[in-house]
Amino acid sequence: MVLLGTGAGQPMQKREKSFGIQMLSVQPDTKPKGCAGCNRKIKDRYLLKALDKYWHEDCLKCACCDCRLGEVGSTLYTKANLILCRRDYLRLFGVTGNCAACSKLIPAFEMVMRAKENVYHLDCFACQLCNQRFCVGDKFFLKNNMILCQTDYEEGLMKEGYAPQVR
């Protein structure tokens with residue numbers, strides 16, 4: 001296997017509701033639109049469109065952390081009548097799991113590494129024999145549910161009495 005990069009957190013629940021956020025410039029010759037957040041007319045230079053509604057940039061915020069959703073990305077999440085940023089959505093509704101290497105809890109919002117069905121903390125994703133950390137593009141091997149670097153994998157094959165196939 002070749003290490004390609006990280007994925008965020010554990011899998012989200014199947015009923016995840018994510019929506020895109022568009023930033024639009026307000027055309028001077030159009031009638032001002034009403035903001036879904038504060039119900040006032042949007043007279044700014046830019047507005048946000050999300051959930052089929054229009055918003056002031058300051059009015060489209062995460063219900064938990066109050067971050068401006070137009071600034072933190074192009075996606076928002078909704079559940080239980082809340083509008084949330086990705087981090088808070090995962091914190092509240094994401095699925096947590098355990099690291100395959102250290103068995104400690106991985107919060108749903110944390111960045112992780114995956115190898116088949118196994119999920120690892122970033123710090124735990126290393127050869128389990130020599131503790132070599134992997135970088136993007138490095139080869140690693142999963143043998144008997146252990147992550148191995150190429151050297152340790154090949155040495156293990158030699159001890160078992162057969163050489164690895166080179167392609």
Side-chain angles (χ1 to χ4, degrees), residues 1-127 132-142 145 147:
M1 292 183 199
V2 177
L3 180 60
L4 297 176
T6 61
Q10 301 295 318
M12 283 191 234
Q13 295 175 351
K14 295 288 183 201
R15 295 193 181 118
E16 164 194 341
K17 298 286 185 186
S18 67
F19 298 92
I21 301 171
Q22 293 177 293
M23 179 175 277
L24 306 171
S25 46
V26 176
Q27 302 303 318
D29 56 343
T30 60
K31 181 180 171 189
K33 304 210 182 312
C35 175
C38 68
N39 295 320
R40 294 191 180 125
K41 297 286 181 199
I42 302 172
K43 297 178 184 175
D44 302 343
R45 185 173 178 184
Y46 296 100
L47 60 83
L48 299 175
K49 183 177 181 184
L51 304 170
D52 293 324
K53 298 175 185 175
Y54 297 97
W55 308 77
H56 288 105
E57 290 179 83
D58 287 336
C59 292
L60 188 58
K61 293 182 178 182
C62 174
C64 287
C65 70
D66 242 11
C67 71
R68 291 172 43 161
L69 293 171
E71 291 178 358
V72 296
S74 59
T75 306
L76 63 82
Y77 298 81
T78 64
K79 190 163 181 174
N81 291 325
L82 298 171
I83 296 175
L84 302 164
C85 66
R86 177 179 171 77
R87 181 177 174 92
D88 284 326
Y89 177 84
L90 289 172
R91 186 176 55 80
L92 294 171
F93 304 110
V95 179
T96 59
N98 292 331
C99 176
C102 72
S103 300
K104 292 182 183 170
L105 186 71
I106 302 175
F109 58 82
E110 189 172 306
M111 295 295 285
V112 299
M113 295 303 299
R114 298 175 187 276
K116 295 202 177 193
E117 297 84 36
N118 297 334
V119 182
Y120 302 86
H121 292 107
L122 292 181
D123 290 338
C124 294
F125 196 76
C127 177
Q132 172 190 329
R133 299 278 311 267
F134 297 106
C135 296
V136 173
D138 287 351
K139 283 186 179 180
F140 70 95
F141 299 85
L142 193 60
N145 241 9
I147 301 172

Check: Closest heavy-atom contact between H56 and L48?
Finding: O-CD1, 4.3 Å

Check: Any side-chain heavy atom of R91 sitting closer than 4.5 Å to one from C64?
Finding: yes

Checklist line | Euclidean distance, L47 CG relative to E57 CD, rounded to 0.5 Å | finding: 8.5 Å

Next item on the list: Take D123 and R133 through the test side chain to side chain contact (heavy atoms under 4.5 Å, CB included) and record every step on the way to the result.
Entry: CA-CA 8 Å; D123 290 338; R133 299 278 311 267; 3.7 Å; yes

Margin query: Could you measure the distance from the CG atom of N145 to the CD atom of E117? Nearest 0.5 Å is fine.
Written below: 8.0 Å

Checklist line | Point-to-point distance, once rounded to the nearest 0.5 Å, from CG of L60 to SG of C85 | finding: 11.0 Å

Item checked: Distance-minimising heavy-atom pair for A36 and N39 -> O-OD1, 4.3 Å

Checklist line | Main-chain N/O of A50 paired with W55 side-chain donor or acceptor, under 3.5 Å | finding: yes

Note to self: Donor-acceptor check, side chain of D138 to backbone of C135, threshold 3.5 angstrom: yes or no?
What the structure shows: yes

Checklist line | Name of the residue among M111, E110, M113 meeting side chain to side chain contact (heavy atoms under 4.5 Å, CB included) with H121 | finding: E110

Next item on the list: Kindly indicate, with the supporting measurements, whether the criterion side chain to side chain contact (heavy atoms under 4.5 Å, CB included) is fulfilled by I106 and N98.
Entry: CA-CA 5 Å; I106 302 175; N98 292 331; over 6 Å; no

Margin query: Return the NZ to NZ distance between K43 and K33, rounded to the nearest 0.5 Å.
Written below: 15.0 Å

Next item on the list: List the steps and the verdict of side chain to side chain contact (heavy atoms under 4.5 Å, CB included) for C65 and R87.
Entry: CA-CA 9 Å; C65 70; R87 181 177 174 92; over 6 Å; no

Let me check something: any side-chain donor-acceptor pairs from residues 68-76 under 3.5 Å, sequence neighbours excluded? List them with distances.
unit_1, atom_1, unit_2, atom_2, d
R68, NE, E71, OE2, 3.0
R68, NH1, D58, OD1, 2.6
R68, NH2, E71, OE2, 3.1

Note to self: Quick check: closest heavy atoms across K41 and P32, and the distance to 0.1 Å?
What the structure shows: CD-O, 3.8 Å

Item checked: Spacing of T78 atom OG1 and L84 atom CG [to the nearest 0.5 Å] -> 8.0 Å

Next item on the list: Locate the shortest heavy-atom distance separating N118 from A100; write the atom from each residue and the value.
Entry: CB-CB, 3.8 Å

Check: Going through the checks in order, is the side chain to side chain contact (heavy atoms under 4.5 Å, CB included) test met by I147 and L142?
Finding: CA-CA 5 Å; I147 301 172; L142 193 60; 4.1 Å; yes

Notebook entry, point to check: Would you say the side chain of I83 lies within less than 4.5 Å of the side chain of F19, judging by non-hydrogen atoms?
Noted result: no

Check: Say you draw a straight line from CG of L82 to CG of D88; how long is it, rounded to the nearest 0.5 Å?
Finding: 10.0 Å

Margin query: Once you measure the plane-to-plane angle for F125 and F140, does it fall in the parallel (<30°), tilted (30-60°) or perpendicular (>60°) bin?
Written below: perpendicular

Notebook entry, point to check: Is there side-chain contact between F134 and C127, with heavy atoms separated by less than 4.5 Å?
Noted result: yes

